[in-house]
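Quick caveat: nothing in here was measured; it's all calculated off a predicted structure. Here, residue 1 is the first one in the sequence, and each next residue gets the next number.
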Amino acid sequence: MVFSWQGGEPTLLGLDFFKKVVALQKKYCPPHVRCENDLQTNGTLLDNNWCKFLYEYNFLVGLSIDGPKHLHDLYRKDKSGQGSFDSVFRAAKLLKKYKVNFATLSCVNRVTAKHPLAVYRFLRDKVGTKRIQFIPIVEPVSFRNVAPQHWDERLMPTLGTDRARPGTAGSVVEEWSVDPDDWGEFLCRVFDEFCQKDVGKIYVNYFEAAVETWMGHVSPLCTQSPMCGKGLALEHDGSVYACDHYVYPEYRAGNILEKSLSEMAFSKRQEKFGKMKEGMLPDRCRKCAYEFTCFGECPKNRFIKTPEGEIGLNYLCSGWKKFFSHIDQPLQSIVRGAGESVIKDVRTFAADHWQPERQQ
């Protein structure tokens, strides 16, 4: 049983709260069940006591850090408007000092996407992480009050038009959102560096998942598998939502004070939500050579139109296609057997150092 602690910022609950959590887990967890915890944090509150606790109870920590100081501090600021890099980098050193199992999670935005190798090399060489997760930042201008799949179809831009890019007049996304083509280029450049130097040494979420799908397996990432809906979100008031990207009234499944979590997780409504991912794919996606490894990516990003006028295309479509085209031949070579040692290295590393990715 996995408890994933996310926010906001979960460390604001205080260390005593989490000490109580592990005590309750020990008291109530059935003998045949193992309780595990992961914690996604910006790291600014971590200190020696926190890190001792995280190590003792084997928490998997995701540390949010977006790259070197000049890139991280663009959007990661504290309440006084100052950049948070120094505090976060200090936290990374503490996590390493206390041998806490941690990964970095880096948001790729409109600016950082243009500096792929600076970001990757910083995480690898300066932070010293062996596990790297990238998340593309995509936020429609309406995200504050309009739930995914409830967008006005008349306002959806067409793939490749100016409105389907950040920083343009009438753009459908906030200005900090990553440009689709820049996202694809970011992944391509990092992939090349990874292949040259880091196979079997560094885990990058999208690269390892791609190896699996090229081998004919279902992606371990919910965003690129045919079905989603397994990562429900539990809010502080007990409300449960279909996904942590769908915390809107339209996707509220209930409250744990009124229903059991299993009742909500296995409901017909949640099943319908999970199957919506593949069921609502545009024809353009179904005809795409890379449907098997993409499945339209996350439904929360499907707010543009195909050139044929069909709704529900993913905002990042052109970037994903650029990336998949770039890695196609290398991964085909691996699958054909030319890279059996590479597959072995990847799987051995993942088994020894990683747990299945959990929804952020």
Side-chain angles (χ1 to χ4, degrees), residues 1-10 36-40 62 64 105 107 133 135-153 155-156 172-174 177 205-206 209 218-282 285 291 294-304 311-317 320 355-360:
M1 181 180 296
V2 178
F3 293 80
S4 295
W5 303 95
Q6 302 183 46
E9 176 49 48
E36 296 181 350
N37 294 278
D38 57 50
L39 179 78
Q40 184 60 43
S64 298
L105 184 143
C107 293
Q133 299 180 65
I135 292 185
I137 296 302
V138 178
E139 288 187 325
V141 293
S142 61
F143 80 92
R144 295 172 182 83
N145 48 38
V146 178
Q149 278 70 55
H150 288 264
W151 304 293
D152 187 337
E153 296 178 9
L155 301 179
M156 291 183 176
V172 73
V173 294
E174 295 285 1
S177 296
N205 57 342
Y206 290 122
V218 175
S219 175
L221 305 179
C222 67
T223 55
Q224 293 176 309
S225 62
M227 181 181 288
C228 60
K230 297 180 181 180
L232 288 81
L234 173 63
E235 291 292 294
H236 66 281
D237 64 352
S239 294
V240 175
Y241 295 85
C243 169
D244 67 345
H245 292 300
Y246 283 74
V247 182
Y248 294 86
E250 294 88 341
Y251 296 98
R252 186 177 181 273
N255 192 291
I256 58 170
L257 299 177
E258 302 163 357
K259 298 180 182 179
S260 70
L261 186 58
S262 60
E263 181 182 358
M264 291 180 276
F266 297 104
S267 67
K268 291 292 184 181
R269 179 179 178 178
Q270 188 65 12
E271 180 182 359
K272 181 180 179 181
F273 174 83
K275 290 181 177 179
M276 170 188 71
K277 185 177 192 297
E278 194 276 336
M280 296 179 66
L281 283 177
C285 293
E291 181 194 20
C294 179
F295 288 101
E297 207 241 10
C298 184
K300 80 175 182 68
N301 295 333
R302 297 181 185 177
F303 49 80
I304 66 172
I311 65 168
L313 186 65
N314 195 292
Y315 166 82
L316 294 171
C317 176
W320 282 118
Q355 301 176 42
E357 179 151 328
R358 295 158 190 166
Q359 178 69 31
Q360 299 296 338

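Side chains of Met276 and Pro299 form a contact here, defined as non-hydrogen atoms less than 4.5 Å apart. A heavy-atom distance below 4.5 Å is found between the side chains of Pro136 and Glu297. Under the 4.5 Å side-chain criterion, counting only non-hydrogen atoms from C-beta, Cys243 is in contact with Phe273. Two residues are said to be in side-chain contact when any heavy atoms from C-beta on lie closer than 4.5 Å; Ile256 and Val240 meet this criterion. Using a 4.5 Å cut-off on side-chain heavy atoms (C-beta onward), Glu291 and Leu281 make contact. In this structure, the side chains of Phe143 and Ser177 stay at 4.5 Å or more apart for every pair of heavy atoms.
Shown here for Leu316 and Asn314, the closest heavy-atom pair between the two residues is N-OD1, 2.8 Å. Pro226 and Val218 get closest at one heavy-atom pair: CD-CG1, 3.8 Å. Pairing each heavy atom of Cys228 with each of Cys222, the nearest pair is CB-O, 4.4 Å. The shortest heavy-atom contact between Asp237 and Asn255 is O-ND2, 3.0 Å. Nearest heavy-atom pair, Gln270 versus Ala242, reported as atom, atom and distance to 0.1 Å: NE2-O, 3.0 Å. The minimum heavy-atom distance linking Val138 with Lys300 is given by the pair O-NZ, 3.5 Å.
Here NZ of Lys277 is found 5.5 Å from CZ of Arg302. Values are rounded to the nearest 0.5 Å. Considering CH2 of Trp151 and OG of Ser142, their distance stands at 8.0 Å, rounded to 0.5 Å. With values rounded to the nearest 0.5 angstrom, Cys298 atom SG is found 11.5 Å from Leu221 atom CG. Residue Leu39 holds its CG atom at 7.0 Å from CD of Glu9, rounded to the nearest 0.5 Å. Atoms OG1 and CG, from Thr223 and Asn301 in turn, are 9.0 Å apart once rounded to the nearest 0.5 Å. Residue Met264 holds its CE atom at 8.5 Å from CZ of Arg252, rounded to the nearest 0.5 Å.
Checked for salt-bridge contact, Arg144 and Glu174 meet the test: a charged N lies under 4.0 Å from a carboxylate O.
When only modelled atom types and interatomic distance are considered, Tyr246 and Gln149 share a side-chain donor-acceptor pair under 3.5 Å. Remark: the Gln40 side chain and the Ser64 side chain contain an N/O donor-acceptor pair separated by less than 3.5 Å.
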Requested in this report: With side-chain contact (heavy atoms from CB on, under 4.5 Å) as the test, would you mind laying out the steps for Ile304 and Met156 before giving the verdict?
Outcome: CA-CA 5 Å; Ile304 66 172; Met156 291 183 176; 5.6 Å; no
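Aromatic ring orientation, Phe303 versus Tyr315: parallel (interplanar angle below 30°, classes split at 30° and 60°).
For Tyr241 and Tyr248, the ring centers are positioned 6.0 Å apart or more.
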